[in-house]
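Read through the structure below, which is laid out as structure tokens, and then see the notes.
Here is how names work: the chains are called A, B, and so on, in the same order as the sequence lines, proteins then strands, and each is numbered from 1. Everything numeric in this text was worked out from a predicted model, so none of it was measured.
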2 protein chains.
Amino acid sequence: MDGTATARVADSVYERLREKIFTGELAPGARLSVPALAESLEVSRSPVRDAVLHLVQDRLAREEPRRGAVVARIGAAELAAIYEVREVLEGLAARLAVENAGRRLVRALHEVLAEHERAVRTADIAATTEADMRFHSLVREASGNAEVIRLLDEVQTQVRLAMRTTTVTAGPRHAIDDHRAILTAIESGDPFAAEQAARAHIFRLRTVLLRQADEGA
Amino acid sequence: MDGTATARVADSVYERLREKIFTGELAPGARLSVPALAESLEVSRSPVRDAVLHLVQDRLAREEPRRGAVVARIGAAELAAIYEVREVLEGLAARLAVENAGRRLVRALHEVLAEHERAVRTADIAATTEADMRFHSLVREASGNAEVIRLLDEVQTQVRLAMRTTTVTAGPRHAIDDHRAILTAIESGDPFAAEQAARAHIFRLRTVLLRQADEGA
DNA sequence: GTATATTGGATTGCATGTAGGCTTCGCCTG
DNA sequence: CAGGCGAAGCCTACATGCAATCCAATATAC
């Protein structure tokens, strides 16, 4: 009946660990010792064990042979592979969004885009990231395909984790231009054009990522 | 050191349950009672619990509010959504396969295709399914992208489960024609053509699925 | 000083106990 | 005979015990 249908301790531990990973309190490579976490979180080992298994399933942690789980470390090569997948999924989401959605979506996207521009002008990094994510989020929600939504959420999770190490900035200007192109395609009602625009956007991000990785190496 | 790096009881239970689900011994909707399974499999409740959680994460089971987990039931609408995703992922895999792979892949695909034709001629359903799956498996392994491989494995798992209920047969002939077209595109070395061919194949399957669902309803 | 053996500490993975809550079945009442 | 009430059973989720194992640090031998 309440919004938090999550009375389970294990779920709460899972969320807390997730947060610690995204804030960097648990950095990539950090060991996830069940007894240690149980003590620090003041719960028993059982729910912690469940939560850690869940993190592993979500690819936020990896099982090291006999040393338990550690927070996942996502390298540039892996991230590039993820972006290849993301490219086609975002393309699909955009195409489906055009087929499904109406004026409501277009208006919402316009608003987010305006917010995005404002954030960039004022050099508000947090708001910029927020608006960027929100744009993609709106499109994929509008796809009406639960699988695409779930998979893109997974992808976003991976990307967020990777950002702890690498940074992919196509340059805020470029991002806005790309988003505007996607919005234009959606407005035109051409599913194929929307797919292409969305794919091009992610393709560009991936290119930037690879270039930065080369320079870094 | 041995092939079965799986000394863990929980993993073995997971595999056994998976098998029971695919063989239909555990039909969609069947309850996965941890104590009951523990007794029937002759292990304690702990590894069974872990295995069931794993099944839920893999979407082979669903958590019902307060009744524990049940084997997932995948309807036609859900399956159609999965096929939309599969379409773009298979397209991506085919494109990457062209970019990566060489003569080795082409030869292997030719062999599988020949096997596929033989199986269809002799009306060997099991062998037909096997060859069909093998073709797709070869292509995605050749993609060299771990994410695509993982996601398509997931998709295949879902499809196998759905087959317990629905059957998607585009007609064995059609499947071979489609596969041949994909192989031709791969041989020609045109990544874009390969992507299109692979997508068209899955798109056709999805269309057939939806038509059958309509007729069934 | 370096390489090796050994011991200690800690962790994983499995087993089992237990409380709270839901479902279901049977019984009683109207 | 129908509907509601109550009790019993089962299950989930959490807590905790325990053996086997692995890693690290230290001591020892050369």
Side-chain angles (χ1 to χ4, degrees), chain A residues 1-21 25-73, chain B residues 1-21 25-73:
Chain A
M1 206 50 70
D2 55 351
T4 60
T6 301
R8 276 190 295 202
V9 177
D11 289 344
S12 136
V13 169
Y14 169 77
E15 286 299 338
R16 289 206 271 167
L17 290 179
R18 226 179 121 98
E19 217 46 49
K20 280 179 193 290
I21 289 174
E25 190 174 335
L26 285 170
R31 293 187 56 179
L32 296 171
S33 155
V34 170
L37 290 174
E39 186 173 9
S40 92
L41 296 177
E42 297 180 300
V43 296
S44 81
R45 284 152 28 212
S46 295
V48 174
R49 182 182 167 71
D50 288 351
V52 169
L53 283 176
H54 196 167
L55 289 173
V56 170
Q57 279 288 324
D58 280 4
R59 300 279 182 291
L60 282 174
R62 284 194 222 290
E63 280 195 334
E64 303 247 320
R66 303 277 182 177
R67 306 173 34 101
V70 302
V71 178
R73 193 190 303 278
Chain B
M1 205 58 65
D2 56 352
T4 59
T6 302
R8 277 189 293 202
V9 177
D11 289 344
S12 137
V13 169
Y14 169 77
E15 287 299 337
R16 289 207 270 169
L17 290 179
R18 226 179 121 97
E19 216 47 47
K20 280 181 195 291
I21 290 174
E25 191 174 334
L26 285 171
R31 292 187 57 176
L32 296 171
S33 155
V34 170
L37 291 174
E39 185 171 11
S40 92
L41 297 177
E42 296 181 299
V43 295
S44 81
R45 283 151 29 212
S46 296
V48 174
R49 181 181 167 73
D50 289 351
V52 170
L53 284 176
H54 196 166
L55 289 172
V56 170
Q57 278 289 323
D58 280 5
R59 298 279 183 291
L60 281 173
R62 285 195 222 291
E63 281 196 334
E64 302 247 322
R66 305 278 182 177
R67 308 172 34 102
V70 303
V71 177
R73 194 188 303 276

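What separates OH of B:Y14 from P of C:dG13 is a distance of 17 Å, to the nearest Å. Going from atom CD of A:E39 over to atom P of C:dA10 covers 11 Å, rounded to whole Å. Distance CG (B:L41) to C1' (C:dA15): 16 Å, rounded to an integer number of Å. As a whole-Å value, the separation of B:L53 CG from D:dT12 C1' is 11 Å. One interatomic measurement links the two molecules: CD of B:E63 to C1' of D:dA13, which rounds to 11 Å at whole-angstrom precision. Atom CZ of A:R8 is separated from atom P of C:dC22 by 14 Å (rounded to the nearest Å). Per the geometry, CG belonging to B:D50 stands 13 Å off P belonging to C:dT12, to the nearest Å. Rounding to whole angstrom units, CZ of residue A:R62 and P of C:dT12 are separated by 18 Å.
Look at A:R49 and you won't find any side-chain N or O under 4.0 angstrom from OP1 or OP2 of C:dT12.
Within 4.0 Å of B:L32, counting heavy atoms only, lie sugar-phosphate atoms of the nucleic acid but no base atom. Among the protein residues, A:A36 comes within range of no part of the nucleic acid, since none of its heavy atoms lies under 4.0 Å from any strand.
Checking C:dT12, C:dG13, C:dT16 against the side-chain heavy atoms of B:R45 singles out C:dT16 as nearest. Comparing D:dC14, C:dA15, D:dT12 by their nearest atom to the side chain of B:P47 picks out C:dA15. In this structure, of C:dT12, D:dC11, D:dA13, it is D:dC11 that holds the atom nearest to the side chain of B:S33. Of the candidate nucleotides D:dT12, C:dC14, D:dA13, D:dT12 has the atom lying nearest to any side-chain atom of B:P35.
Interface remark: the A:S46 side chain does not form any donor-acceptor pair with the D:dA13 base, using a distance-only criterion of under 3.5 Å.
Looking only at distances, no side-chain donor or acceptor of A:R18 sits under 3.5 Å from a matching main-chain atom of A:L55. Counting only distance, with no hydrogens or angles, the side chain of B:R8 and the backbone of B:P47 share no donor-acceptor pair below 3.5 Å.
Residues B:A69 and B:V52 share a closest heavy-atom pair of CB-CG1, 3.7 Å. Of all heavy-atom pairs between A:A10 and A:A51, the closest is O-CB, 3.8 Å. Between A:R73 and A:R62, the shortest heavy-atom contact is O-NH2, 3.1 Å.
Checking B:S44 against B:R31, the closest nucleotide of DNA chain C that is more toward the 5' end is the one next to B:S44.
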